[in-house]
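Remarks on the structure that follows.
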Number of protein chains: 2
Amino acid sequence: MARNTEEPENRLSESRTQSSDSPVCEILCVHTDLIESVRKTLIPGGQAHHLADLFKTLGDPTRVRIMDALAKNEFCVCDLAELLGLSQSATSHQLRVLRSDNLVKYRREGKMVYYSLDDDHVMALYREGLEHISEGRKETY
Amino acid sequence: MARNTEEPENRLSESRTQSSDSPVCEILCVHTDLIESVRKTLIPGGQAHHLADLFKTLGDPTRVRIMDALAKNEFCVCDLAELLGLSQSATSHQLRVLRSDNLVKYRREGKMVYYSLDDDHVMALYREGLEHISEGRKETY
DNA sequence: CTTATATATGATTATATGTTCATATGTATA
DNA sequence: TATACATATGAACATATAATCATATATAAG
């Protein structure tokens, strides 16, 4: 885990290399060893991109509302559109985005396609977000 | 919880009102009662917007990498910039975004400002996302 | 007060993206 | 095959946003 309680500890024992020639700290300002040690544990760029895509997919009000509806019941596209006041096209486009990140699954039944959350894991992710915003902060909207 | 296992149950006992006059299902195609019942439980638009903002904030590779670094240690802005290969300005801008959603907190120490994850809850949210993408799906990148 | 440095921020620009419109695909039925 | 309808999708457009650049603010030291 991270330590962010009291004072910086190992932080102070670092081999500082304050580059006093650069106007803004271009090379590095502090804690070389710490940086090098943490650098090895960082998420690879590809994974970061991938994870960002997942969150980005959830980062749209329409898709949140779709997720919220599907968290309560499975729905066909037309029901979803009616329920959320969206066009059929917009709904389908958004479902496609959710599908691409494996957030929802679907099953065909005749002409209709029923969508639902992909698994309980997705539900957990969604609820974790809900919890965060329910902590009494950022009372906008 | 949602039921999305076997066949639609209550779904079939609905008072269908298939509008056979509209070319594309504009009013509603199916399951009127279900829709009305679920509609009452839907997340309010403001909250949906708010939650989307939270996810959107996490939906950028740079911010994911910042979160990842802060999940391991607190860092001053300059360290973060060096660690992630970002400009000071870009780093600061992104930290501002993370701050606005209460994902990170900071403390001042002299000229420097140290950032860390806001709380363990944020860590849980981040890890929930990490888990999702680590399930062997979407092996792009 | 002046200088130096760490951080924050406004403006600009290039890129990404959500919706709409039109149309295509898939399925059922006559 | 032809028609109807549920869903999917490509193109276009308007809006959002991340990085850069320039500059402002904040703190420390002289």
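All values reported here derive from a predicted model rather than from experimental measurement.
The hydrophobic clustering, which links ILVMFWY residues whose side-chain heavy atoms are closer than 4.5 Å, places A/Val97 and B/Ile133 apart.
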| Tell me, for nucleotides 25-30 of chain D in 5' to 3' order, what letter each nucleotide earns: B for a base near a protein heavy atom under 4.0 Å, S for only sugar-phosphate near one, - for neither? | -SBS--

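Here the P atom of nucleotide D/dA6 and the CZ atom of A/Arg107 are 16 Å apart, to the nearest Å. For A/Arg96 and C/dT20, the CZ to C1' distance is 17 Å, given to the nearest whole Å. Here C/dG18 presents its P atom at 13 Å from CG of A/Leu95, a figure rounded to the nearest Å. Taking atom CG on B/Leu86 and atom P on C/dA8, their separation rounds to 14 Å, with Å as the unit. The interatomic distance linking A/Phe55 (CZ) with C/dT17 (P) rounds to 16 Å, in whole Å.
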| said: Pair A/Leu34, B/Phe75 - check side chain to side chain contact (heavy atoms under 4.5 Å, CB included), show working. | reply: CA-CA 9 Å; A/Leu34 174 62; B/Phe75 283 103; 3.8 Å; yes

| Is there a side chain to side chain contact (heavy atoms under 4.5 Å, CB included) between A/Leu80 and A/Leu86 once you walk through the steps? | CA-CA 8 Å; A/Leu80 264 181; A/Leu86 302 168; over 6 Å; no

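Among the heavy atoms of the strands, none lies under 4.0 Å from A/Tyr106. Residue A/Thr91 is out of contact with every strand shown, counting any heavy-atom pair closer than 4.0 Å.
When the side-chain contact (heavy atoms from CB on, under 4.5 Å) test is applied to B/Ser92, the partners found at least two apart in sequence or on another chain are B/Gln88. Annotation: side-chain hydrogen bond (donor to acceptor under 3.5 Å, both in side chains) contacts of A/Arg99 (sequence neighbours excluded): A/Tyr115. In this structure, the salt bridge (Lys or Arg N to Asp or Glu O under 4.0 Å) partners of A/Glu36, at least two apart in sequence or on a different chain, are A/Arg39.
Considering only side-chain atoms of B/Arg99, the nucleotide from D/dT7, C/dT9, C/dT7 that sits closest is C/dT9. Of the candidates C/dT20, C/dA8, D/dT9, the closest approach to any side-chain atom of B/Ser92 belongs to C/dA8.
Judged purely by distance below 3.5 Å, without hydrogens or angles, the side chains of A/Asp79 and A/Tyr114 never pair a donor atom with an acceptor atom.
Here the CZ-CE distance, from B/Arg107 to B/Met112, works out to 9.0 Å after rounding to the nearest 0.5 Å.
One finds a side-chain N or O of B/Tyr115 lying less than 4.0 angstrom from the OP1 or OP2 phosphate oxygen of C/dA8.
One donor-acceptor pair, N or O on each side, does fall under 3.5 Å between the base of C/dC21 and the side chain of A/Ser89. Counting distance only, with no hydrogens placed and no angle test, the side-chain atoms of A/Gln88 and the base atoms of D/dA8 include a donor-acceptor pair under 3.5 Å.
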Taking distance alone, no hydrogens or angles, what donor-acceptor pairs closer than 3.5 Å link side-chain atoms of residues 55-67 of chain B to residues at least two apart or in another chain?
unit_1  : atom_1 : unit_2   : atom_2 : d
B/Thr57 : OG1    : B/Asp53  : O      : 2.9
B/Thr57 : OG1    : B/Asp101 : OD2    : 2.3
B/Asp60 : OD2    : B/Thr62  : N      : 3.0
B/Asp60 : OD2    : B/Arg63  : N      : 3.1
B/Arg63 : NE     : B/Thr57  : O      : 2.5
B/Arg63 : NH1    : B/Gln94  : OE1    : 2.8
B/Arg63 : NH2    : B/Lys56  : O      : 3.4
B/Arg65 : NH1    : B/Leu84  : O      : 3.4
B/Arg65 : NH2    : B/Leu84  : O      : 3.1

Could you list all N or O pairs between the protein and nucleotides 13-18 of chain D that sit under 3.5 Å apart?
unit_1 : atom_1 : unit_2  : atom_2 : d
D/dT17 : OP1    : B/Lys56 : NZ     : 3.2
D/dA18 : OP1    : B/Arg63 : NH2    : 2.9
D/dA18 : OP2    : B/Arg63 : NH1    : 3.1

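Stacking of the aromatic ring of A/His93 onto the base of C/dT19 is not found under the criterion of centres within 5.5 Å and planes under 30°.
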